[in-house]
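What you are looking at is a predicted structure, and each value in this text was computed from that prediction instead of being measured. We name chains A, B, ... by the order of the sequence lines, and we start the count at 1 in each one.
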Number of protein chains: 2
Amino acid sequence: MRISAKCSVAIHCLLLISEYGGRLKITSALAAESTGVNPAEIRALMNLMKKAGLIDVKRGVGGAYLMRSTEEITVWDIYQAVDPYGLEKIMGIHPNPSDTCPIGKRIERVLEPSYTKIEESVMLSMQQLRLSDFVETFREMRRKEREERRT
Amino acid sequence: MRISAKCSVAIHCLLLISEYGGRLKITSALAAESTGVNPAEIRALMNLMKKAGLIDVKRGVGGAYLMRSTEEITVWDIYQAVDPYGLEKIMGIHPNPSDTCPIGKRIERVLEPSYTKIEESVMLSMQQLRLSDFVETFREMRRKEREERRT
DNA sequence: AAGCGATGTAAAAATAAAAATTACAATGAG
DNA sequence: CTCATTGTAATTTTTATTTTTACATCGCTT
């Protein structure tokens with residue numbers, strides 16, 4: 001799992017729960033198999049989503065369950081739960097500017113307001129994407145594939 | 001320079017050119033001193049911006065110069081020049097999903113359209129931010145500081 | 001209440017990405 | 001021709017992240 005695919009893995013897990021949670025018990029072993037990611041990492045990820053109130057994970061018996069409808073879970077909710085400092089990765093600020101140079105000593109404060117704007121627009125677009133959108137895309141995809149096979 | 005501060009360093013360099021390029025020759029050594037980043041990295045960064053047509057860098061004699069007005073250089077221009085794959089860092093997709101699991105084998109295609117939307121919104125907000133905005137913020141900041149000192 | 005299949009989580013090890021450094025050929029003005 | 005400088009490749013170092021291992025804990029089930 002390079003360059004933070006955390007959010008993708010999290011969505012993958014949520015889709016497993018949403019689409020197969022009724023029939024199968026979604027354990028870390030099952031999700032690990034499906035995602036290709038280590039069970040311990042899956043457990044850590046699931047645990048973060050549990051703490052954020054998105055899912056419930058049963059100890060002892062095992063299994064994960066949605067705590068909200070798929071319309072009530074946005075990508076922003078997931079992203080925040082699972083990779084809270086992720087956004088800083090696109091726009092980090094260099095840590096050792098000169099404190100004698102007029103630009104250097106102000107650069108952080110000069111960049112900050114604009115970076116905040118960018119982050120806000122990411123937040124906004126993530127808030128507009130819901131787990132239900134992925135569910136629909138997935139189901140639509142299967143439907144089409146089935147049709148194709150019939151022709 | 002951790003977690004891709006490339007864009008920040010690039011903006012820092014452009015501000016040096018814009019604000020002090022008339023009086024000083026902006027060399028990699030000078031920019032390295034001001035940013036706290038290695039001269040070789042500065043040269044690489046400047047070279048990328050040169051290739052993107054944002055600045056001109058004189059070989060032999062040295063020095064960097066803007067090729068467009070500060071209004072005509074957006075953060076998106078800079079970001080694209082300097083860190084073209086940067087956006088993938090916020091939303092990477094896990095590389096080894098199961099190809100037998102119904103979710104696993106479709107996950108990449110399920111995620112992609114939404115991720116594209118997010119990237120487009122980042123692009124849009126970066127396109128709305130110009131180098132001139134940073135110049136203004138910088139000058140305004142100095143002006144206020146001078147005023148404060150007078151009281 | 002013992003067994004069992006799970007989770008939660010810490011710690012260690014491995015891996016990969018990114019950055020810093022070094023080095024030097026190429027450049028072009030004077 | 002000299003000199004300060006760029007362009008760039010190669011190497012080393014550093015740091016972040018992931019993977020793995022391990023095990024205490026949990027709570028059904030029998």
Sub-4.0 Å heavy-atom contacts from residues 13-23 of chain A onto DNA chain D, ordered by number: none
Given C:dT21, D:dG7, C:dT7, the nucleotide with the shortest approach to the side chain of B:Asn38: C:dT21
Under 4.0 Å protein heavy-atom contact, by nucleotide of nucleotides 25-30 of chain C - B base, S sugar-phosphate only: -BBS--
First of B:Met46 and A:Gly36 reached from the 5' end of DNA chain D, by closest nucleotide: B:Met46
By side chain to side chain donor-acceptor pair (under 3.5 Å) - contacts of A:Glu147 (at least two apart): A:Arg143
Rounded distance [0.5 Å steps], CD in A:Glu136 versus OG1 in A:Thr70: 8.0 Å
Steps toward salt bridge (Lys or Arg N to Asp or Glu O under 4.0 Å) verdict (A:Glu19, A:Arg139): CA-CA 9 Å; A:Glu19 296 301 282; A:Arg139 290 182 182 169; 2.9 Å; yes
Sugar-phosphate only, base, or nothing, as touched by B:Ala29 at under 4.0 Å among non-hydrogen atoms: nothing
Sugar-phosphate, base or nothing in reach of A:Asn47, heavy atoms under 4.0 Å: sugar-phosphate
Distance-only side-chain donor-acceptor flag, A:Ser69 / A:Glu72, under 3.5 Å: yes
Contact nearer the 5' end of DNA chain D, comparing B:Asn96 with B:Ala44: B:Ala44
Side-chain heavy atoms of A:Val110 within contact of B:Met141, under 4.5 Å: yes
